[in-house]
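Structure, as structure tokens:
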Amino acid sequence: MNNDIPVQALGGQGEVMAHAVDACVHCGFCLPACPTYALLGDEMDSPRGRIVLMKEVLEGGLPLADAAPHLDRCLGCQACVTACPSGVPYGELITAFRGWSEPQRQRSALDRSKRWAILKALPAPRLFSVAARVGQFAKPLAPVLPAALRGPLDLLPESVPAMQPSAKVTPARGMQRGRVAFLVGCAQQALAPNFNAATLRVLARNGIEVVIPDGQGCCGAAALHTGARDEALKLVRANLNAFNPDDFDAILSNAAGCGAGLKEYPMVLHGEPDETRAKAFAAKVMDISEYLNTLLQNGELEPPVPASRPLTVAYHDACHLAHAQGVRAAPRALLRHIPGVSVLEVPEGDLCCGSAGTYNLEQPDLAGQLGARKAKNILSTTPDLIASGNIGCHTQIQSHVRRQGSPTPVLHTIEILDRAYRGEL
Amino acid sequence: MSTEKLALTTNSSARKPASAGGASNALAADLTRALGPRKVLSNLSERLNYRYDAIQFGATPLAVVLPESTEDVVVAVRAARAAGVPIVGRGAASGLSGGAAPLEPGLVISFTRMTRLTIHPERREATAQAGVVTLAVTEAARPHGLIYPPDPASFRTSTIGGNLAENAGGPMCFKYGVSGDYVRALEFVDAAGEVHRLTRDVFDLAGLLIGSEGTLGLITEATLRLIPPPRFTRTLMAHFPEVGACAEAVSRAIAAGAVPSKLEFMDRACTNAVEDYLHLGLPRDAEAVLLVDTDGEDLDTVQDELRLVEDACVASGGTVRRAATDEEGAQLWRARRSVSPALGRIRPQRMNEDIVVPRSALPDVVREIRALGDASPLRLVQFGHIGDGNLHPNILFDPRTEDAHAVHDLAHRIALVAIRHGGVLSGEHGIGSMKRDFMTDAVDPGTMQALRGVKRALDPSGALNPGKILPAEGVDG
């Protein structure tokens with residue numbers, strides 16, 4: 001798309017944005033992929049429309065405040081990136097745009113404090129854990145609270161587990177095949193500590209030594225995607241210092257959102273001195289399923305214990321795995337590798353579940369509609385288990401599946417593999 | 001040549017007038033009173049997004065209506081008429097000729113919320129409102145053992161209303177025909193805001209509306225014919241060291257009696273653009289790739305027919321690969337459907353031709369067009385529904401570095417090649433604003449007068465999609 005974006009004035013992120021706008025030929029192939037277009041049916045709430053809005057704002061032809069409501073509704077699911085034949089890096093555009101525009105936003109005091117709380121709590125597992133416990137006590141109040149506060153309470157699990165700090169080094173069992181670094185994640189540690197415990201057990205069982213480097217923190221994705229670029233940069237730089245890519249075969253994440261965030265570091269630092277370091281770092285980042293699948297493809301994955309009975313697993317593609325990272329085959333291959341397990345495909349599988357980072361908190365209505373639609377689609381396959389590779393999807397799907405009256409367990413892909421290894425499947 | 005010929009720059013040529021609109025303009029206020037705020041868009045951020053299709057940017061509309069019923073369309077048309085502003089109908093705006101891009105500020109009616117769809121299996125019919133997405137018709141019909149064959153490349157996005165306005169084709173059109181061949185009845189709203197329901201007996205007025213690009217009326221609903229899907233389909237891909245040889249293979253296969261369901265061609269640049277996107281292992285070095293489906297009720301016949309095509313390809317110097325599985329066949333077709341937007345990877349903008357020539361002339365035509373491209377500094381690519389003689393030569397360019405006049409000139413020379421070989425300017429994408437100026441080469445003055453007479457009869461004030469299809473008065477003498 002032709003544009004007069006003042007790239008010079010905008011610096012490295014300006015180049016990122018202008019490149020994406022250039023690449024769009026406004027063909028409309030992205031429309032059917034976009035969850036908000038599916039719900040709202042108008043051009044401004046489609047990827048093509050949002051690219052036009054961002055272009056107009058960057059060129060100075062449209063006030064930011066006019067475009068903002070439509071840009072805020074974007075989930076950042078990147079289904080449009082998968083659908084785009086012209087190769088528009090839409091995810092990079094919206095992320096960079098949010099970072100550029102946030103300092104210019106006029107937000108209400110309530111909005112500002114909510115965002116501040118989220119950005120402080122998310123990257124601090126202990127604080128988040130405390131907040132979640134407080135939220136638990138507040139749950140009975142939910143019916144009388146405003147929707148903006150009710151949304152997050154609805155998502156809290158029945159009980160918030162105790163924090164379980166992981167060992168700094170988990171040795172390989174048997175012959176050592178590899179050595180990886182692991183990003184432990186933030187909210188996930190508080191809400192689902194078992195994801196990390198299962199990850200460490202499965203890797204150790206496969207002869208992989210796992211190091212949890214000191215000084216690591218939140219990947220920064222939540223801050224970045226909500227436009228808090230300065231916060232995000234601090235977190236990004238801390239992680240670049242904590243992880244030395246030369247020391248490890250891979251840098252692993254078991255949360256799709258975090259993995260995608262880590263892979264975005266070169267884009268975040270485009271045009272800055274740390275860009276080269278970020279590239280070396282990102283080149284080593286893998287999702288846990290990608291890494292284990294390379295072992296599987298090399299014939300090096302320990303065979304899991306067969307399931308005690310035939311099991312069907314509905315696999316949910318997390319947007320940040322399928323669209324942002326292009327990881328679709330690996331988790332399915334791992335699940336199918338367990339004798340007795342078959343994988344079910346979910347109708348409208350490419351449509352976001354509505355969790356999308358902080359979306360539940362910012363757009364509770366649209367998030368709720370998408371969550372209900374996703375749960376209905378998943379349950380239509382009548383699975384024994386539901387699997388996904390992202391904490392956000394996990395929480396959202398579990399909440400909506402329960403709301404639709406189903407007790408079907410929702411698990412992380414790695415938990416299913418871990419149970420299989422332990423003979424508990 | 002009119003001054004607004006071919007808006008070859010996407011947005012600089014038609015910047016929104018600073019004073020056009022704002023939430024307070026009278027038309028938007030009238031419409032909001034009549035239809036309620038949910039169905040009317042009047043903010044600049046909203047209106048900006050209804051000025052383009054998949055090729056061109058036009059003028060920012062004064063207001064946009066998202067009707068939910070035919071009655072809403074009537075209200076909108078009457079309001080625009082009272083305000084004296086033009087009306088442009090719009091589906092998903094995936095069109096390639098500027099058809100849905102307004103050339104002057106007015107009212108845009110976007111049909112994306114008119115999505116009621118009913119299947120009548122006993123009559124083998126579907127009733128679809130204008131905004132139903134094309135693929136949705138087949139998806140709804142399939143459980144009843146029926147399909148809707150017209151399958152433009154954009155079928156996941158484009159709407160039935162848009163398909164009919166452009167008389168869209170698609171790979172299936174060689175054997176099964178184009179959108180217009182599946183219309184049993186139409187409902188449309190005329191320029192005065194009256195609703196009409198047309199069948200195809202007596203005067204085939206439905207046929208007149210189909211392909212009229214929103215210049216004669218606004219199609220609101222259609223009754224579409226459905227057919228049972230063929231039981232067996234087989235796919236092959238052939239590649240050739242020269243583009244003309246591919247066209248020769250097509251002529252040879254058809255002369256030998258083959259009636260494939262799809263016969264599609266893409267040249268080297270197209271193959272490479274798609275390969276960059278999908279990584280399917282397409283032959284990057286081939287000058288032309290041909291994709292063929294044969295289908296039918298009897299597997300032996302389907303295989304025999306595929307063999308006829310295979311022999312023709314080999315006889316013309318091609319290398320043939322049969323798709324081993326349905327999945328492989330589906331991937332190849334996904335490749336073909338992605339050609340058009342994937343070309344955006346090469347240059348940000350393109351001039352899209354849509355010529356149709358007699359099949360016997362195909363080898364000469366593709367060679368002549370290739371030669372025009374080779375002689376030009378601009379990037380020229382070709383693909384299309386070659387079985388129908390429908391070719392899409394595309395000029396790819398960067399408006400920041402390449403000359404719009406040179407693009408226009410090359411497009412004109414390609415159009416003249418088609419006309420010289422007894423062809424026409426549009427097979428399925430419409431004339432729109434992109435090829436309007438070539439109409440004087442393609443249509444004799446008497447016929448042009450007849451076309452103008454039809455337009456005047458149905459749209460006396462010229463309010464419906466002005467500036468499309470017919471060149472400005474006086475150009476044709």
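By convention in this document, chain letters (A, B, ...) are assigned in the order of the sequence lines, proteins followed by strands, and residues within each chain are numbered from 1. Atoms considered below: every heavy atom in the structure, side chains included; atoms not considered: hydrogens, waters and symmetry mates.
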Is a side-chain N or O of Tyr52(B) found less than 3.5 angstrom from the main chain of Val52(A), in a donor-acceptor match?
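Not confirmed, Tyr52(B) side chain does not pair with Val52(A) backbone.
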Without swapping roles, check the side chain of Ser86(A) against the backbone of Arg345(B) for a donor-acceptor pair under 3.5 Å.
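Side chain of Ser86(A) to backbone of Arg345(B), a donor-acceptor pair under 3.5 Å: no, none is there.
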Tell me whether the count of non-hydrogen atoms from other residues, nucleotides or ligands lying under 6.0 Å of [atom1] in [X] goes above 12.
X         : atom1 : answer
His337(A) : NE2   : yes
Arg116(B) : CZ    : no
Glu345(A) : CD    : yes
Asp326(B) : CG    : no

Nearest 0.5 Å, please: how far is CG in Asp53(B) from NE2 in His26(A)?
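Taking NE2 in His26(A) and CG in Asp53(B), the distance rounds to 8.0 Å.
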When rounded to the nearest 0.5 angstrom, what distance separates CG in Leu48(B) from CE in Met44(A)?
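The CG atom of Leu48(B) sits 10.5 Å away from the CE atom of Met44(A).
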At a heavy-atom separation under 4.5 Å, does [X] approach chain B through its side chain, its backbone, both, or neither?
X        : answer
Ile51(A) : neither
Asp42(A) : both
Ala83(A) : backbone

Please determine which of Cys30(A), Cys84(A), Pro85(A), Cys24(A) meets the side-chain contact (heavy atoms from CB on, under 4.5 Å) test together with Pro341(B).
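The residue from Cys30(A), Cys84(A), Pro85(A), Cys24(A) that satisfies side-chain contact (heavy atoms from CB on, under 4.5 Å) with Pro341(B) turns out to be Pro85(A).
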Ser45(B) and side-chain contact (heavy atoms from CB on, under 4.5 Å): which single residue from Leu64(A), Asp66(A), Leu71(A) fits?
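The side-chain contact (heavy atoms from CB on, under 4.5 Å) with Ser45(B) is passed solely by Asp66(A) among Leu64(A), Asp66(A), Leu71(A).
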Taking the side chain as everything from C-beta on, heavy atoms only, tell me whether [X] gets closer than 4.5 Å to [Y].
X         : Y         : result
Arg156(B) : Phe29(A)  : no
Glu46(B)  : His70(A)  : yes
Asn2(A)   : Gln349(B) : yes

Among Pro69(A), Gly41(A), Gly28(A), Pro32(A), which residue forms the greatest number of heavy-atom pairs with chain B at distances under 4.5 Å?
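That would be Pro32(A).
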Select one option (side chain, backbone, both, neither) describing which atoms of [X] are under 4.5 Å from chain A's heavy atoms.
X         : value
Arg38(B)  : neither
Arg113(B) : side chain
Ser110(B) : neither
Leu41(B)  : side chain

Thinking salt bridges, do Asp22(A) and Arg400(B) make one under a 4.0 Å N-O criterion?
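Salt bridge present between Asp22(A) and Arg400(B).
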Measure across Tyr50(B) and Glu43(A) and return the closest heavy-atom pair with its distance rounded to 0.1 Å.
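Nearest heavy atoms, Tyr50(B) then Glu43(A): OH-N, 2.9 Å.
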At their closest point, which heavy atom of Arg51(B) faces which heavy atom of Glu56(A), and how far apart are they?
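Reported closest heavy-atom pair: NH2-OE2, 2.7 Å.
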